[in-house]
Amino acid sequence: MSGAGRILVVGLGPGPAHWLTPEASHALDIATDLIGYFPYVERIPAREGLVRHGSDNRVELDRARHALELAKAGRIVAVVSGGDPGVFAMAAALFEAVDHGDDEDRAVNIAVLPGVSAMQAAAARLGAPLGHDFCAISLSDNLKSWEVIGRRLTAAAQGDFVIAFYNPASRARPDAIHAAFKLLRELKAADTPVAFARAVGREDERIVVTTLGAADPSICDMSTLVLIGSSETRFIARPDGLSPWIYTPRHYGAGR
Ligand code: SAH
């Protein structure tokens with residue numbers, strides 16, 4: 001094994017360059033190889049000395065093994081994810097590969113470089129919806145059953161957490177978001193604040209602020225992050241047609 005090889009697991013943030021950390025940016029400058037889902041790999045400009053290995057989104061473990069092989073051969077491999085690499089992304093796939101790998105894999109130098117996750121970017125646009133306890137749930141189609149999602153949603157509603165949905169519009173299971181809203185409407189008040197934050201930070205950003213009762217979940221696509229308030233999450237109405245702020249007070253029970 002060449003001693004110089006290593007893996008940098010890089011979070012690219014939600015989109016714009018100003019949400020890329022200086023540490024992540026430096027990693028992209030020194031990498032010899034880029035590995036990731038091809039839209040993310042394409043975000044990084046081509047340069048001499050950088051080999052880009054874009055791949056489809058269903059091959060995370062293959063990608064992780066590829067990164068380990070390249071690092072063991074002495075390459076500096078940036079494994080890229082949108083947002084934070086530890087949130088529904090490549091860092092876990094990489095460690096799964098190491099966990100199932102051999103001693104040589106375990107010796108590989110790996111650093112995980114955090115990024116701004118979609119729920120943080122969305123929350124920043126809206127005000128402060130994540131000001132108190134919250135949870136994040138992926139509605140991704142292929143990694144767990146609806147039974148598990150339903151159980152977690154029920155627990156999240158009963159625990160009165162603010163809920164962030166990632167992957168709300170999965171192609172293979174487009175009805176998941178509708179089923180999720182149906183379940184939450186049975187458990188939570190109709191005036192609960194809800195936001196659909198699409199492509200936050202990008203040119204086609206679109207934020208829709210509404211309530212659980214009035215929300216139309218069919219507006220979700222693969223670039224949408226959905227936030228559902230707790231019983232404490234509140235709107236602050238603003239004048240002149242401005243979108244209301246949404247926030248969740250720091251003290252539970254203070255707003256009652
Ligand atoms: N690691 C990523 C999440 C990957 S899952 C992170 O930390 O953000 C992909 C999901 O993230 C998308 O389906 C969408 O729900 C959300 N997402 C990613 N980028 C987004 C953006 N710019 N605006 C809104 N949601 C986004």
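Both counts, for ligands and for their atoms, begin at 1 and track the order of listing. One is the number of the first residue; the rest follow in order along the sequence. These values consider heavy atoms only, across backbone and side chains, with no hydrogens, waters or symmetry-generated copies.
- Of the candidates Arg75, Arg52, His66, Asp33 forms a side-chain hydrogen bond (donor to acceptor under 3.5 Å, both in side chains) with just one, namely Arg75.
- Listed by chain and number, the residues in a side-chain hydrogen bond (donor to acceptor under 3.5 Å, both in side chains) with Asp175 amount to none (sequence neighbours excluded).
- Under the 4.0 Å criterion applied to side-chain N and carboxylate O atoms, Glu69 and Arg65 are not assigned as salt-bridge partners.
- Closer than 4.0 angstrom to ligand 1 sit non-hydrogen atoms from Pro14, Gly82, Gly83, Asp84, Val87, Phe88, Ala89, Ser117, Ala118, Tyr166, Asn167, Pro168, Ala197, Ala199, Val200, Arg202, Met222, Ser223, Thr224, Leu225.
- With sequence neighbours excluded, no residue satisfies ring-ring contact (aromatic ring centres under 6.0 Å, His included) with His26.
- A 4.5 Å side-chain heavy-atom check between Val79 and Pro85 finds every atom pair outside the cut-off.
- Applying the 4.5 Å side-chain rule to ILVMFWY residues, one finds Trp19, Val87, Phe88, Met119, Leu126, Leu130, Phe134, Val162, Tyr166, Val200, Ile207, Val209, Leu225, Phe235, Ile246 in the same cluster as Leu227.
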